2 protein chains.
Amino acid sequence: MAAHDEAVPAETGGGGREETSSKNVDLGSLPDFIGYALRRAQLTIFEDFIRSLETVGLRPAYFSVLIIIDRNPGLNQSEISAALGIQRTNFVNMADELQKRNLIVRHPSEHDRRSYALYLTREGKVLLDQALELQGEHEERLARKLGPGGREMLLPLLWKLAE
Amino acid sequence: MAAHDEAVPAETGGGGREETSSKNVDLGSLPDFIGYALRRAQLTIFEDFIRSLETVGLRPAYFSVLIIIDRNPGLNQSEISAALGIQRTNFVNMADELQKRNLIVRHPSEHDRRSYALYLTREGKVLLDQALELQGEHEERLARKLGPGGREMLLPLLWKLAE
DNA sequence: TCATACTGTTATTGTCTATAACTAACATCT
DNA sequence: AGATGTTAGTTATAGACAATAACAGTATGA
């Protein structure tokens, strides 16, 4: 109750790395389930991706948004979010943030006064190019993990699953 | 509102074709990125999985927890969450819910008065078996999507990525 | 015994996703 | 033109899920 100050044992610097399943747990048929393997792979990959792009401060979703705007300048928010499978209501915040960081601009559309045409700023274009460079290294790291021909085998299979 | 910065459409090398009312959005190199393909595939699959198992009311994480407990009766919460890559602090709620639904029980451990040994109830075992049946149909649906030999090719690649 | 580490727990925060409802602006159809 | 319906952007809200800090009780090894 009378809480004294904390001792802060924390994570300690030395010693044991965290091995996967050091306890010999039987995962049953879990490793044979595509969904489970996919989820575990995605977690690992996103972790690496986020670390790889943390110098530019772009998380996966924001990175993909910049790519779309770069390749399709002038799209409105609904079109962008539809292309990425994001809900347009959830895209508002992302656009706000990207605009606050001066990476994109919302121009009033010429044909439709309801909508904005989104463009990269010069700053956004520069940052995207840096991000693409880092993503390239990330991608190569993954390809190395997969072994020769692995990536070329994997991608079509994933897109079949994604429909 | 209005932009206070230069717009810089930044036309990239690809043809900036603008068709009114067409959804022909250029995804750029996005489809070649493993992380993006993985994310999209995972979203589609999880959607199908959740729908497939909604009659038993199990979401992916809870399903995997039941499998682990079934194959490893008596594990404590830390061991289970470690095996699944879940943080033990976030596992508390899941165990609470599963217990509230009478699918698992927390028995006080014999060797360690701090921890519980988790077991499936009979009800939990029955529900898990139903879930496994539904998961089987789900899995076969995915395998059909992947074509002959696709699943056998995909799984090892995913586990290489997951480390 | 005592410092240290571990188990389960609560509380909090942040990210991401999903739904409902609202406004302004279009579009259509008679 | 007027009624009606639809779309774009937005807000508010809720839920699932993950990450961090802190703490009490217990275990353990020097």
Side-chain angles (χ1 to χ4, degrees), chain A residues 1-16 18 22-23 39-40 42-44 46-47 49-51 54 57-65 74-82 84-97 99 104 106-118, chain B residues 1 20-21 23 39-40 42-44 46-47 49-51 54 57-65 74-82 84-99 104 106-118:
Chain A
M1 315 318 179
H4 295 110
D5 268 354
E6 71 300 319
V8 189
E11 221 43 59
T12 84
E18 181 181 83
S22 56
K23 184 68 196 278
R39 168 175 168 263
R40 296 301 295 255
Q42 211 232 284
L43 287 181
T44 304
F46 265 45
E47 198 182 326
F49 179 93
I50 293 172
R51 216 179 12 241
E54 76 181 351
L58 283 184
R59 297 176 63 79
Y62 289 86
F63 173 65
S64 64
V65 168
L75 285 193
N76 67 29
Q77 302 187 180
S78 293
E79 292 164 330
I80 294 172
S81 38
L84 289 173
I86 302 173
Q87 219 123 342
R88 81 187 190 286
T89 174
N90 291 325
F91 183 74
V92 178
N93 258 328
M94 307 181 67
D96 284 350
E97 174 133 356
Q99 196 177 36
I104 69 169
R106 288 192 244 225
H107 277 185
S109 165
E110 312 235 328
H111 321 323
D112 191 335
R113 279 181 302 172
R114 292 171 299 178
S115 64
Y116 299 114
L118 302 199
Chain B
M1 351 271 282
T20 34
S21 82
K23 296 180 165 188
R39 169 175 168 263
R40 297 299 297 253
Q42 212 232 283
L43 287 181
T44 305
F46 265 45
E47 199 182 327
F49 179 94
I50 292 172
R51 216 180 12 243
E54 76 181 351
L58 284 183
R59 298 176 62 79
Y62 289 86
F63 173 65
S64 63
V65 168
L75 285 193
N76 68 28
Q77 303 186 180
S78 292
E79 292 164 333
I80 294 173
S81 39
L84 290 173
I86 302 173
Q87 219 124 342
R88 81 186 189 285
T89 175
N90 291 324
F91 183 75
V92 177
N93 257 329
M94 308 181 66
D96 284 349
E97 174 132 357
L98 289 173
Q99 196 177 36
I104 69 170
R106 286 192 245 226
H107 279 184
S109 167
E110 313 237 328
H111 326 339
D112 190 335
R113 279 184 301 175
R114 293 172 299 178
S115 64
Y116 299 113
L118 302 199

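A note on names: the letters A, B, ... follow the listed sequences, proteins ahead of strands, and every chain is numbered from 1. Small disclaimer: the values here were computed from a predicted structure and weren't measured.
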*Side-chain N,O (A:S78) to OP1/OP2 (D:dT7) below 4.0 Å*: no
*In whole angstroms, how far is the P atom of C:dA18 from the CZ atom of B:F46?*
13 Å
Any protein N or O atoms within reach of nucleotides 25-27 of chain C? Criterion: under 3.5 Å, listing atom names and distances.
unit_1: C:dA25; atom_1: N3; unit_2: A:R114; atom_2: NH1; d: 3.3
unit_1: C:dC26; atom_1: OP1; unit_2: A:R113; atom_2: N; d: 2.7
unit_1: C:dC26; atom_1: OP2; unit_2: A:R113; atom_2: NE; d: 2.7
unit_1: C:dC26; atom_1: OP2; unit_2: A:R113; atom_2: NH2; d: 2.6

*asked:* Looking only at the side chain of A:R106 (C-beta and beyond, no hydrogens), which of the listed nucleotides C:dG8, D:dA18, D:dT10 gets closest?
replied: D:dT10
*CG of B:D96 versus P of C:dG8: gap in Å, rounded?*
12 Å
*Rounded to the nearest Å, what distance is computed from the CG atom of residue A:L43 to the P atom of nucleotide C:dT15?*
17 Å
*Would you mind classifying the nucleic acid contact of B:F91 as base, sugar-phosphate or nothing, using non-hydrogen atoms under 4.0 angstrom?*
nothing
_Whole angstrom value for the distance that separates P of D:dG9 from CD of A:Q99_ = 12 Å
*From C:dG8, D:dC17, D:dA18, nucleotide with atom closest to B:S115 side chain*: C:dG8
*Starting at atom CD1 of A:I86, determine the distance to atom P of C:dT17, rounded to an integer number of angstrom.*
7 Å
*asked:* Taking the side chain as everything from C-beta on, heavy atoms only, tell me whether B:R59 gets closer than 4.5 Å to B:F46.
replied: no
*Hey, what do you get for OH (B:Y116) to NE2 (B:H107), rounding to the nearest 0.5 Å?*
12.0 Å
*How do A:R39 and A:A95 order along DNA chain D: which one's closest nucleotide is nearer the 5' end?*
A:A95
*To the nearest angstrom, how far is B:R59 atom CZ from C:dC16 atom C1'?*
12 Å
*Taking atom types as modelled, is there a side-chain donor on A:R106 or A:Q99 under 3.5 Å from an acceptor on the other?*
yes
Enumerate all atom pairs, one protein N or O and one N or O from nucleotides 19-23 of chain C, separated by less than 3.5 Å.
unit_1: C:dT19; atom_1: O4; unit_2: A:T89; atom_2: OG1; d: 3.2

*Calculate, to the nearest 0.5 Å, the distance between atoms CZ and CG belonging to B:F49 and B:L58 respectively.*
7.5 Å
*Go through the structure and list residues passing side-chain hydrogen bond (donor to acceptor under 3.5 Å, both in side chains) with A:R51, not counting sequence neighbours.*
none
_Is the shortest side-chain heavy-atom distance between A:V65 and A:F63 below 4.5 Å?_
no
*Side chains of B:S109 and B:N76: does their closest heavy-atom pair fall under 4.5 Å?*
no
*Side-chain N or O of B:Q77 closer than 4.0 Å to phosphate OP1/OP2 of C:dT9*: yes
*asked:* Can you work out whether B:V92 or A:G85 has the more 5'-proximal nearest nucleotide on DNA chain C?
replied: B:V92
_Point-to-point distance, once rounded to the nearest 0.5 Å, from OG of B:S64 to CE of B:M94_ = 6.0 Å
